[in-house]
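Step one of this worksheet: look at the structure below.
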Amino acid sequence: MSQIDQYKKDIKGYSAKNADEVEAFRIKYLGTKGIVKNVMGEMRNVPNENKKEFGLILNAFKIAAEERYEVLKEQLSSSEETAATNIDWSLPGDPMPVGTRHPLSIVRNQMVSIFKRLGFAVAEGPEMEDDWHNFTALNLPENHPARDMQDTFYLNQNPDYLLRTHTSSVQARIMEKQKPPIRIVCPGRVYRNETISARAHCFFHQVEGLYVDENVSFADLKQTLYFFVQEMFGKGVKVRFRPSYFPFTEPSAEMDISCTVCGGTGCSLCKHTGWVEILGCGMVHPKLLENFKIDSNKYTGFAFGMGVERICQLKFRVNDLRLYSQNDIRFLRQFTGAV
Ligand code: 2U9
């Protein structure tokens with residue numbers, strides 16, 4: 001009995017500084033060869049008439065050891081929590097890498113926002129197109145080379161479904177369901193059956209525009225595109241229009257800007273001409289208006305189309321088209337900070 005009293009005092013005063021000391025307590029008192037088991041074994045030597053009384057004492061001793069063990073465990077976990085929240089808030093944080101927008105998205109967003117300021121709405125359409133919206137409605141004749149398997153990815157023939165070769169098909173879809181005035185820009189991905197190289201790819205991106213209303217003139221076309229160039233490349237950049245041909249516009253033109261690298265004096269980018277081509281444009285062919293039941297005597301319109309990769313090349317001096325789709329982080333992270 002006096003031995004048990006001694007153990008009880010020891011239990012009461014036991015404190016543990018860490019998990020090892022808690023475990024040492026468990027082994028000492030509650031383990032298979034521990035003190036509790038040991039004193040329980042003493043029951044054999046107790047005379048029968050005292051067994052009941054001694055049993056109660058032993059049971060109380062066992063409970064005291066178990067309860068102390070629970071308390072020690074509890075004290076340990078709360079002290080560990082305290083240690084875990086004991087953080088030095090003045091330490092510098094772990095760097096969180098922030099992603100960057102793709103350069104083509106940066107440039108496309110800039111292009112679209114300039115036209116939005118001129119009242120153009122944004123229109124989108126499917127990348128899988130039918131022959132009518134991609135070719136026939138746009139005055140591309142049956143034997144036009146663009147329709148060739150060599151130039152176009154066909155998904156199905158007869159009826160013809162294909163990957164759109166330009167976003168002009170979006171303008172076609174809008175003309176189909178909307179009456180003038182129509183003033184839209186159509187950004188999107190287009191596909192052409194080209195061998196991939198630094199200068200050509202099987203897909204690229206366009207921003208095309210269309211403005212149809214009464215009294216829309218070539219002067220409106222020139223002023224709109226001139227404003228675009230000033231905003232995109234800076235004041236002082238010059239423009240020039242050269243006559244050209246597109247099936248969907250008449251008259252048609254290609255527009256050059258004064259070289260953004262040499263300012264017009266001549267360098268390798270502008271092939272020593274002082275000018276770089278950036279887009280095609282023209283007055284919407286009256287036949288197209290009629291294709292969409294728009295009275296060509298009452299309404300006129302202008303349209304333009306440009307490649308986002310081309311504008312991006314001029315803005316950021318990217319000289320290989322493949323870089324845009326290789327997903328090389330060393331290329332992409334150079335556009336950090338650009339919005
Ligand atoms: C409709 C009416 C007219 C869209 C136009 C161009 C001129 C043009 C090219 C420039 C470089 C495409 O990315 S590129 O290869 N585009 O030159 N696109 S006018 O004219 C339209 C379109 C739709 C209903």
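As the structure lists them, so they are numbered: ligands from 1, and atoms in each ligand from 1.
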Sequence neighbours left out, cut at 3.5 Å: what donor-acceptor pairs do the side chains of residues 56-73 make with other protein atoms?
unit_1: Arg68; atom_1: NE; unit_2: Ile11; atom_2: O; d: 3.2
unit_1: Arg68; atom_1: NE; unit_2: Tyr14; atom_2: O; d: 3.3
unit_1: Arg68; atom_1: NH2; unit_2: Tyr14; atom_2: O; d: 2.6

- request: Please list, chain by chain and in numerical order, all residues satisfying ring-ring contact (aromatic ring centres under 6.0 Å, His included) with His166, sequence neighbours excluded.
  value: Phe248
- request: Give a yes or no on this: more than 12 heavy atoms of other residues, nucleotides or ligands lie within 6.0 Å of atom CG of Asp94.
  value: no
Show the distances, to 0.1 Å, for all pairs joining an N/O atom of ligand 1 and a protein N/O atom that are shorter than 3.5 Å, listing one pair per line.
unit_1: ligand 1; atom_1: 13 (O); unit_2: Gln206; atom_2: NE2; d: 2.9

query: Any side-chain heavy atom of Glu129 sitting closer than 4.5 Å to one from Tyr161?
result: no
query: So which pairs with a foot in residues 204-238 pass ring-ring contact (aromatic ring centres under 6.0 Å, His included), sequence neighbours left out?
result: Phe115-Phe228, Tyr211-Phe302
message: Please determine whether residues Tyr29 and Leu76 belong to a single hydrophobic cluster, defined as Ile, Leu, Val, Met, Phe, Trp and Tyr linked transitively by side-chain heavy-atom distances below 4.5 Å.
response: yes
